[in-house]
Amino acid sequence: DTGVSQDPRHKITKRGQNVTFRCDPISEHNRLYWYRQTLGQGPEFLTYFQNEAQLEKSRLLSDRFSAERPKGSFSTLEIQRTEQGDSAMYLCASSLNAAVGEKLFFGSGTQLSVL
Amino acid sequence: AQRVTQPEKLLSVFKGAPVELKCNYSYSGSPELFWYVQYSRQRLQLLLRHISRESIKGFTADLNKGETSFHLKKPFAQEEDSAMYYCAISNTGNQFYFGTGTSLTVIP
């Protein structure tokens, strides 16, 4: 499968623990996005990268969240001191470039449960 | 601020009946409009986009700038159309905003 892959598929953690998710985009894709989705809601934008540069972070994203894409390939999303409200599906998506109308390719997501 | 509104959370139609999923947006510039679909146990994927003026799986969507709408339509619904549908807009920086989704059920 040469699509966007995310690891792990599921993560259960206790409140206060740190968690890290990984996303591997389609290899030639320059853009990488992180979204969060809770039950009954659409994907909510968190942040995105153009190659290794993080271009924007959502104002809704607290300082406990950090994302990196060190070599412009895979990306990690870390949540420090997790809270129960962080429980959600975390989606990664990539696109070939930043052209208007460029389509997103999504991964299967990481389902986070904070106990 | 950018916003996408999908007023129907749930929509049920009979097989062979026409279907319309509503989407309204607010955006200060000229966004691009998309419909994404998620079938059961599959990942979210693009259905169609306004820029391509395409028809995919019998679905079409017309951009009405006056009403700021991008409704998705299909003249004859099929059982395999049952899925979750998300309307989305993107700005010139290609940042995407999604609606809350409409769950479509096609009744045999």
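Here is the naming used below: chain letters follow the sequence lines, and residue numbers restart at 1 for every chain.
In E54(B), the CD atom is crowded: over 12 heavy atoms of neighbouring residues, nucleotides or ligands sit closer than 6.0 Å. Counted within 6.0 Å of CZ on R15(A), heavy atoms from surrounding residues, nucleotides or ligands total 12 or fewer; the atom is thus considered open. Applying the 6.0 Å contact sphere to CZ of F76(B) captures no more than 12 heavy atoms from other residues, nucleotides or ligands. Shown here is K9(B), whose NZ atom has more than 12 heavy atoms of other residues, nucleotides or ligands within 6.0 Å. Around atom CD1 of I107(B), more than 12 heavy atoms belonging to other residues, nucleotides or ligands sit under 6.0 Å away. For L115(A), the CG atom is densely surrounded, since the number of other residues' heavy atoms within 6.0 Å is greater than 12.
Taken from CG in L48(B) to NZ in K103(A), the straight-line distance is 11.5 Å, to the nearest 0.5 Å. One finds the OG atom of S108(A) at 10.5 Å from the CG atom of L44(B) (value rounded to the nearest 0.5 Å).
Using a 4.5 Å cut-off on side-chain heavy atoms (C-beta onward), Y36(B) and L104(A) make contact. Side chains of Y48(A) and Q95(B) form a contact here, defined as non-hydrogen atoms less than 4.5 Å apart. Side-chain contact between F106(A) and Q42(B) is absent, with no heavy atoms from C-beta onward closer than 4.5 Å.
The aromatic rings of Y97(B) and F45(A) lie tilted to each other, with the angle between the two planes from 30° to 60°.
Looking at R43(B), its side chain never comes within 3.5 Å of a backbone N or O of F105(A) through a donor-acceptor pair. Checking side-chain atoms of Y35(A) against main-chain N and O of F96(B) turns up a donor-acceptor pair under 3.5 Å.
For chain B, no part of E44(A) is nearby; none of its heavy atoms comes within less than 4.5 Å.
One hydrophobic cluster, built from ILVMFWY side chains closer than 4.5 Å, cannot hold both F65(A) and M89(A); they sit in different ones.
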